[in-house]
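On a predicted model such as this, the values are computed, not experimentally measured, just so you know. Lettering of chains follows the sequences in order, A, B, ..., and the numbering in each one begins at 1.
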There are 2 protein chains.
Amino acid sequence: MEAEWLDDVEMAAWLRLVAVVELLPGVLDTQMRAAAGLTHFEYQAMAMLSEAPERTLRMSGLATRTNATLPRLSHVVRRLQERGLVERFPCPEDGRVTNVRLTDAGFAEIVAAAPGHVETVRHSVFDPLTREQVAQLRDIGEAILSRIDPDGRMTVLYDPERASEGRTQAAGE
Amino acid sequence: MEAEWLDDVEMAAWLRLVAVVELLPGVLDTQMRAAAGLTHFEYQAMAMLSEAPERTLRMSGLATRTNATLPRLSHVVRRLQERGLVERFPCPEDGRVTNVRLTDAGFAEIVAAAPGHVETVRHSVFDPLTREQVAQLRDIGEAILSRIDPDGRMTVLYDPERASEGRTQAAGE
DNA sequence: GCCGCGTGCTTGACGTGACAACTGACTGCG
DNA sequence: CGCAGTCAGTTGTCACGTCAAGCACGCGGC
């Protein structure tokens, strides 16, 4: 089994990738909590809503976009609702479905939090990279995702062809 | 503030990086739990011990290498000890520090789990990449870490010059 | 040699996510 | 119609991580 161990270059790449994967969420979370009192996940969820038509998505659609399980999202949305940042209402066309809409207050929060977030992303990730490396990173990410996210669940975001999946009927076309 | 928004290439790279960062831990964790009944973090900790002299490290040294807080590590080590995979004993030279040593049973677990782990890493990350991309990934990781881990806490691993930091006196030179 | 302070680690309480079981609503088939 | 099967979400329970104290040890001053 020793036959397919990692060679030096792979090992170096792996150690760095693991370190990034471990540390980056903490960096994003810390900045977000300090600046807006939000989890990075909460921010992501609200950002998804802010870009959706009517600022509304059904729970399962939002879950897909944020790579969350439905139970997790249910808890998070409840908390956000208690803070008045989102509102929930049953879908008129399908009684099983719950739609989530970003309130004006929630939208304001996101707009206020976005610059700081982008600033952090720039500083942590893109500033130390050359333009060429940014493109390489995109391609590498694409390749890895083809393995760990074969269904392209999170790819829905940047693949317009599939963008309609999971969008609420009421808010969609 | 709109001035420094992300451009298209950066946005594409960012979305993919976020997706990888979100999904990869789950992939590693799931495989590890199924194959060895271990968390990926527990595996990492035990792997660090297995490579240390005497298979022993002090708590704080292990915490540094695994990017864990001391309380977290304390809990994890206690659980591993209850399973007989590691043992704790006070350092004879400094009563404050506790050394952690990987037991033979723990070492056997790691050895048994390693091939499956490597297999997963290969399949998820390296197989879909060209040799060139692996080297690019290493350099990109290095650059990002210079920002999010400026002290090189996790870099101790592959920087022999600093490897002595945090190593237990008894086990070190 | 004892007292005060900094260090290394542990412990307990709390918040958050995962898994499983459950409720309510649509669908298909008689 | 009425009932079985499935689907969308919610709710409870448990495990894990984090934060804030707490404790034990070592090291300085007097």
Side-chain angles (χ1 to χ4, degrees), chain A residues 22-23 25-30 32-34 37-45 56-83 86-101 165-170, chain B residues 22-23 25-30 32-34 37-45 56-83 86-101 165-170:
Chain A
E22 293 263 314
L23 295 173
V27 171
L28 299 174
D29 245 55
T30 302
M32 213 52 192
R33 301 187 93 110
L38 291 171
T39 306
H40 181 239
F41 177 78
E42 292 171 332
Y43 173 82
Q44 266 195 312
T56 302
L57 288 171
R58 45 191 292 178
M59 290 292 285
S60 49
L62 185 54
T64 302
R65 282 168 169 71
T66 54
N67 187 41
T69 59
L70 223 31
R72 177 183 181 185
L73 188 63
S74 187
H75 288 294
V76 170
V77 168
R78 178 176 44 71
R79 279 171 235 146
L80 290 177
Q81 185 176 25
E82 285 163 3
R83 294 167 61 181
V86 304
E87 53 190 2
R88 273 189 292 191
F89 58 95
C91 176
E93 282 133 17
D94 187 338
R96 294 171 300 182
V97 170
T98 312
N99 282 325
V100 189
R101 179 161 49 212
E165 282 176 21
R167 182 186 296 167
T168 175
Q169 228 70 11
Chain B
E22 294 262 315
L23 295 173
V27 171
L28 299 174
D29 246 56
T30 302
M32 215 50 193
R33 302 188 92 109
L38 291 171
T39 307
H40 179 238
F41 177 79
E42 292 170 330
Y43 174 82
Q44 265 193 313
T56 303
L57 287 171
R58 47 192 291 179
M59 291 292 286
S60 49
L62 185 55
T64 302
R65 283 168 169 71
T66 54
N67 187 42
T69 59
L70 223 30
R72 177 182 181 187
L73 189 63
S74 188
H75 287 301
V76 170
V77 167
R78 178 176 43 71
R79 280 171 231 143
L80 290 177
Q81 185 177 27
E82 285 163 3
R83 295 166 63 181
V86 304
E87 51 190 3
R88 272 190 291 193
F89 59 94
C91 177
E93 282 131 19
D94 186 339
R96 291 172 299 184
V97 324
T98 46
N99 283 326
V100 190
R101 179 162 49 212
E165 283 177 21
R167 181 185 299 167
T168 173
Q169 227 73 10

I'd like to check the salt bridge (Lys or Arg N to Asp or Glu O under 4.0 Å) partners of [X]; sequence neighbours left out, ordered by chain and number.
X: B/R79; value: none
X: B/R72; value: none
X: B/R96; value: B/D94

Practice problem: Tell me, please, which residues at least two apart from B/Y43 pass ring-ring contact (aromatic ring centres under 6.0 Å, His included). | Solution: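 Here the qualifying residues are B/H117.
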
Exercise. Starting at the 5' end of nucleotides 9-22 of chain C, put B wherever the base has a protein heavy atom under 4.0 Å, S where only the sugar-phosphate does, and a dash everywhere else.
Key: BBBB---SSSBB--

Quiz prompt | Whole-Å distance separating the CD atom of A/E93 from the P atom of C/dT27 | solution = 12 Å

Quiz prompt | Those residues that, when tested against B/R83, pass side chain to side chain donor-acceptor pair (under 3.5 Å) (two or more places apart) | solution = none

Exercise. Only counting residues at least two apart or in another chain, list the ones meeting side chain to side chain donor-acceptor pair (under 3.5 Å) with A/T39.
Key: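 Once residues adjacent in sequence are excluded, the partners of A/T39 under the side chain to side chain donor-acceptor pair (under 3.5 Å) criterion are A/E42.
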
Practice problem: Could you tell me from which nucleotide to which nucleotide of DNA chain D, 5' to 3', there is an atom under 4.0 Å from chain B heavy atoms? | Solution: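 Here the contact window of chain B covers D/dC16 to D/dG26.
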
Quiz prompt | Under 3.5 Å: donor-acceptor pair, side chain of B/S74, backbone of B/L70 | solution =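 Side chain of B/S74 to backbone of B/L70: no pair is present.
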
Exercise. For B/N99 and B/F89, indicate whether the former's side chain and the latter's backbone hold a donor-acceptor pair under 3.5 Å.
Key: no

